Participant: 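I am attaching a structure below and will ask some questions about it afterwards.
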Number of protein chains: 2
Amino acid sequence: MIYSSELIKGTLKTIVLKLLADNKKMYGYEITQKVKELTLDKIQITEGALYPTLHALESDGLVTTETEFIGKRVRKYYSLSPSGKNKTKEKVSELADFMETMKFLLDIKTRTV
Amino acid sequence: MIYSSELIKGTLKTIVLKLLADNKKMYGYEITQKVKELTLDKIQITEGALYPTLHALESDGLVTTETEFIGKRVRKYYSLSPSGKNKTKEKVSELADFMETMKFLLDIKTRTV
DNA sequence: CAAAGATACATAAGAATCTAATGTATCTGA
DNA sequence: TCAGATACATTAGATTCTTATGTATCTTTG
């Protein structure tokens with residue numbers, strides 16, 4: 001089972017930030033594979049979604065980049081900047097809070113009018 | 001604190017379906033107020049988001065409508081159709097599953113390479 | 001050793017879904 | 001009376017994703 005795409009919307013940035021917080025530095029392709037692995041294939045981040053997100057994080061100053069060559073092939077590593085670390089904490093705790101709220105909403109058994 | 005809007009994206013349809021499952025029939029404005037109340041103002045559904053969603057649910061055959069007049073003012077009640085009830089179960093359990101996955105993703109403490 | 005599949009970057013058109021603004025109209029309480 | 005709440009609805013624009021495409025290198029396998 002793969003989650004319907006709408007569910008992923010809005011959480012991608014937080015997922016990426018959190019992965020970077022846990023793994024120090026990662027490159028794009030690695031992120032897609034890591035998410036796929038950690039979620040047992042339930043979340044598959046496409047490159048068309050990931051790269052624009054990474055670029056946005058960079059232009060917002062939340063991540064810094066360094067390029068490395070593996071043979072002739074380029075690899076672009078992303079790391080959290082100090083403000084990126086703060087942002088990560090904010091986004092993660094907001095998402096955790098949101099999930100609590102949603103869990104409550106989904107469990108409610110109220111009067112059937 | 002109000003959740004950043006991107007978080008709501010993709011969950012609105014599920015929230016509405018679940019509310020209808022619990023409350024038999026509801027009208028649009030009532031839904032906005034109910035969500036606001038149940039989430040202590042953390043989730044505020046705007047009408048610009050809600051009405052198109054309700055109309056989409058209707059044209060998908062997931063809800064049926066009945067109009068009622070309160071004085072001269074019209075009120076449009078929405079109820080789940082049989083397929084809407086099935087859809088609600090699907091969407092709710094998918095979202096619950098998704099939240100488990102996200103919780104795992106957010107809590108992971110892995111090697112710092 | 002050729003070809004397929006994996007690795008690795010990137011962009012772009014289009015779809016989906018929300019925000020913010022606007023519109024109309026009625027009801028209620030101070 | 002008049003502001004605020006109730007109640008419907010639409011629309012322009014923004015955001016963010018999907019799907020497709022492009023380029024190039026590396027690795028594995030028949």
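Just so we're on the same page: letters track the sequence lines, and every chain starts at 1. This structure is a prediction, so every number in the text was calculated from the model and none was measured.
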Participant: Find the distance B:K34:NZ to D:dT6:C1' and express it as a whole number of Å.
Facilitator: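 In whole Å, D:dT6 C1' and B:K34 NZ are 17 Å from each other.
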
Participant: Could you state the CD-C1' distance from A:E66 to C:dC9, rounded to the nearest angstrom?
Facilitator: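 The answer, rounded to whole Å, is 16 Å.
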
Participant: When the distance from OH of B:Y78 to P of D:dC8 is rounded to whole Å, what number comes out?
Facilitator: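 About 7 Å, once rounded to whole Å.
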
Participant: Under a plain distance cut-off of 3.5 Å, with no hydrogens placed, do B:T101 and A:Y3 share a side-chain donor-acceptor pair?
Facilitator: yes

Participant: So does A:E6 pair up with B:K91, basic N to acidic O under 4.0 Å?
Facilitator: yes

Participant: Tell me whether the side-chain N or O atoms of B:E47 pair up with the base of D:dC8 as donor and acceptor below 3.5 Å, since no angle test is needed here.
Facilitator: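 Answer is yes: a donor-acceptor pair is held.
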
Participant: Can you get from A:F104 to A:L7 by hopping between Ile, Leu, Val, Met, Phe, Trp and Tyr side chains that sit under 4.5 Å apart?
Facilitator: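 Yes, because A:F104 and A:L7 connect within a single hydrophobic cluster, where side-chain heavy atoms sit under 4.5 Å apart.
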
Participant: Would you tell me if any nitrogen or oxygen in the side chain of A:K76 comes within less than 4.0 Å of OP1 or OP2 on C:dA10?
Facilitator: yes

Participant: Counting heavy atoms from C-beta on, name the nucleotide in C:dC9, D:dT10, D:dT16 closest to the side chain of B:E6.
Facilitator: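 For the B:E6 side chain, the nearest candidate turns out to be D:dT16.
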
Participant: Could you state the atom-to-atom distance from CD of A:Q44 to P of D:dT19 in whole Å?
Facilitator: 11 Å

Participant: Think B:T53 has a side-chain N or O under 4.0 angstrom from the OP1 or OP2 of C:dA16?
Facilitator: no

Participant: To the nearest angstrom, how far is B:Y77 atom OH from D:dT6 atom P?
Facilitator: 14 Å

Participant: Can you tell me if A:T14 uses its side chain to pair, donor with acceptor, with the backbone of A:V92 under 3.5 Å?
Facilitator: no

Participant: Where the side chain of A:K9 is defined as all heavy atoms beyond and including C-beta, which of C:dT19, D:dT18, D:dC17 is the nearest nucleotide?
Facilitator: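 So the side chain of A:K9 is nearest to D:dC17.
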
Participant: Check the phosphate of D:dA5 against B:Y29, side-chain N and O only, distance under 4.0 Å to OP1 or OP2. Yes or no?
Facilitator: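 No, no such contact exists.
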
Participant: Round to a whole Å and report the spacing from CD1 of A:I45 to C1' of C:dA10.
Facilitator: 17 Å

Participant: Name the nucleic acid region contacted by A:G48, choosing base, sugar-phosphate or nothing; use a 4.0 angstrom heavy-atom cut-off, strictly under.
Facilitator: base

Participant: Return whichever of B:P52 or B:I70 has its heavy-atom-nearest nucleotide of DNA chain D closer to the 5' end.
Facilitator: B:I70

Participant: Heavy atoms under 4.0 Å, any strand shown: does A:T46 hit a base, just sugar-phosphate, or nothing?
Facilitator: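 Counting heavy atoms under 4.0 Å across all strands, the contact made by A:T46 includes a base.
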
Participant: Which one, D:dC8, D:dT6, D:dT10, comes nearest to the side chain of B:V74?
Facilitator: D:dC8

Participant: Which is true for A:G28 with a 4.0 Å heavy-atom rule: it touches a base, it touches only sugar-phosphate, or it touches nothing?
Facilitator: sugar-phosphate

Participant: Using whole Å, what does the distance between atom C1' of nucleotide C:dT7 and atom CD of A:E30 come to?
Facilitator: 12 Å

Participant: I'd like to know if A:K89 and A:E94 make a salt bridge, using a cut-off of under 4.0 Å between side-chain N and carboxylate O.
Facilitator: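 No.
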
Participant: Is it true that the NZ or CZ of A:K25 lies under 6.0 Å from the centre of A:Y77's six-membered ring and within 45 degrees of the ring axis?
Facilitator: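 Yes.
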
Participant: Among D:dC8, C:dC9, C:dC27, which nucleotide has an atom closest to any side-chain atom of B:K72?
Facilitator: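 The nucleotide sitting nearest to the side chain is C:dC27.
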
Participant: Are any of B:R73's side-chain N or O atoms less than 4.0 Å away from OP1 or OP2 of D:dT6?
Facilitator: no

Participant: Separation of B:L7 atom CG from D:dC17 atom P, in whole Å?
Facilitator: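 Checked: the CG to P distance equals 11 Å.
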
Participant: Report yes if a side-chain nitrogen or oxygen of B:H55 is closer than 4.0 Å to either non-bridging phosphate oxygen (OP1 or OP2) of D:dC8; otherwise report no.
Facilitator: no

Participant: Check this one for me: any side-chain N or O of B:Y27 less than 4.0 Å away from OP1 or OP2 of D:dA7?
Facilitator: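 Yes, within the criterion.
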
